[in-house]
Amino acid sequence: MWLMVVSILLFPAIIMLSSRYRVKVASLCHRALAWTLRLVRGRVCVRSTHAFVFSKCTHGNADSVLETFNLYGDTHPSLCIGPQIGEALDEVVRRVRPSRVLELGMHCGYSSVRLLRLLPPAGRLVTVELDPLTAELGEEIILVAGFKHSHFQVLTCSSDESIPTLHPFLEPDQGTSEGFSLVLMDHDPQQYLPDLLALEREQLLCPSGCSVLLIIRDPRAESLTEIVDYIRAKPNCYCIKTELQFMTEIFFQKESTRINIDQKL
């Protein structure tokens, strides 16, 4: 009898908990389905883009590769392909004049080719891509554009796995031991702040100055708010240099370096 009384008393709580967990399970299933669809569509997009560029461009000509990308983008609008984002990227590269560049998220190789064609002869690009298919097809596009493996390195892994392994790419005998002077983040926005913190921790950002470019696909994303808040909370070593609809440039300079520069002035 007492079991029946306890069961009756607990019944509303059981119903409430079941309803709550049902919502959570449904939410998790929805997120998993959305992630799967994005992955499948992304792979289709990468295959389609690669096939078009590979067959239509002049092999060995980086400008032809970019023009073919833009031609593809005319009928397949994309935030990672097109003259608008390309010209903004070019402007930063010409201004910064980096010798070592880190790219997180290579997509179809579009930004990789744009970066490489503006680097000095001894310059080098390290690009990190999580998806093996995207990394393979993107690397092929870079080679089609006329660049050799001595100019770039593709790492097929997650950004957080790759960052602790990047020190060998900053060779002291090449005068680049200070760190990367340009970082392009075009991967998972939720990784923008953790990866920036990891780059700081590993001392991979050039202390005398490093431009970090954040590609923005969803301006309302909470992760973007977090990294902007972090930047604004550290005015002694960070500032927001450029804010565009699709890209934000933040500038890093180690505080001790900035003090030395100010003293010289």
Side-chain angles (χ1 to χ4, degrees), residues 79-80 84-107 110-112 114-116 118-119 123-130 152-153 155 158-167 169-170 176-219 221-258 261:
L79 281 176
C80 61
Q84 186 180 29
I85 190 170
E87 289 168 6
L89 184 58
D90 287 354
E91 189 277 326
V92 175
V93 177
R94 289 191 176 101
R95 170 164 44 82
V96 175
R97 294 185 294 179
S99 59
R100 289 294 185 271
V101 178
L102 174 62
E103 178 187 30
L104 302 177
M106 73 182 305
H107 298 287
Y110 177 77
S111 55
S112 306
R114 293 206 80 105
L115 290 165
L116 280 164
L118 295 177
L119 295 185
R124 197 176 191 196
L125 169 71
V126 179
T127 181
V128 179
E129 174 55 51
L130 176 61
F152 70 96
Q153 177 74 43
L155 303 179
S158 64
S159 55
D160 58 330
E161 290 175 319
S162 70
I163 289 173
T165 70
L166 295 177
H167 290 281
F169 299 104
L170 302 171
T176 56
S177 59
E178 281 197 329
F180 293 101
S181 48
L182 179 63
V183 176
L184 173 63
M185 292 190 179
D186 193 10
H187 55 321
D188 180 1
Q190 293 184 352
Q191 283 297 122
Y192 284 5
L193 180 55
D195 287 345
L196 182 65
L197 295 175
L199 289 167
E200 276 189 62
R201 186 169 57 251
E202 295 290 335
Q203 298 183 1
L204 290 166
L205 302 176
C206 182
S208 60
C210 175
S211 286
V212 181
L213 304 180
L214 310 175
I215 300 302
I216 301 170
R217 302 184 185 283
D218 182 5
E222 184 179 342
S223 52
L224 291 173
T225 303
E226 291 176 352
I227 191 169
V228 169
D229 289 345
Y230 174 77
I231 297 306
R232 288 176 174 158
K234 298 189 68 175
N236 291 332
C237 55
Y238 280 107
C239 68
I240 296 177
K241 201 172 188 69
T242 306
E243 284 188 279
L244 302 174
Q245 182 180 0
F246 49 84
M247 185 180 78
T248 295
E249 178 188 358
I250 61 179
F251 183 73
F252 167 84
Q253 189 176 62
K254 199 169 182 178
E255 187 175 0
S256 58
T257 304
R258 182 170 296 182
I261 293 174

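Quick caveat, the model's predicted, so the values are computed rather than measured.
- The number of heavy atoms from other shown groups lying within 6.0 Å of CD (Glu200) is above 12.
- To the nearest 0.5 Å, atoms CD (Glu129) and CG (Asp186) are separated by 9.5 Å.
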Show the numbers, then the answer: is there a side chain to side chain contact (heavy atoms under 4.5 Å, CB included) between Phe252 and Leu199?
-> CA-CA 11 Å; Phe252 167 84; Leu199 289 167; over 6 Å; no
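- Shown here are the side-chain hydrogen bond (donor to acceptor under 3.5 Å, both in side chains) partners of Thr248, two or more places apart in sequence or in another chain: there are none.
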Determine, stepwise, if the pair Leu118 / Arg114 fulfils side chain to side chain contact (heavy atoms under 4.5 Å, CB included).
-> CA-CA 7 Å; Leu118 295 177; Arg114 293 206 80 105; over 6 Å; no
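- Minimum interatomic distance between Gly209 and Gln253 (heavy atoms only, all atoms of both residues): N-CG, 4.4 Å.
- Taking Gln245 as the reference, nothing meets the side-chain hydrogen bond (donor to acceptor under 3.5 Å, both in side chains) condition, with sequence neighbours excluded.
- Around CZ of Arg95, the count of heavy atoms belonging to other residues, nucleotides or ligands within 6.0 Å exceeds 12.
- A donor-acceptor pair is defined here as one N or O able to donate and one able to accept, closer than 3.5 Å; no such pair exists between the side chain of Tyr238 and the backbone of Ile250.
- Every residue two or more places apart in sequence or in another chain that forms a side-chain hydrogen bond (donor to acceptor under 3.5 Å, both in side chains) with Gln191 is listed here: Asp195.
- In terms of heavy-atom proximity, Gly179 sits nearest to Leu170 at CA-CD1, 3.7 Å.
- Residues Ser208 and Glu178 share a closest heavy-atom pair of OG-OE1, 3.4 Å.
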Start with the C-alpha distance between Val101 and Phe152, add both sets of side-chain angles, then the distance that settles side chain to side chain contact (heavy atoms under 4.5 Å, CB included), and finish with yes or no.
-> CA-CA 9 Å; Val101 178; Phe152 70 96; over 6 Å; no
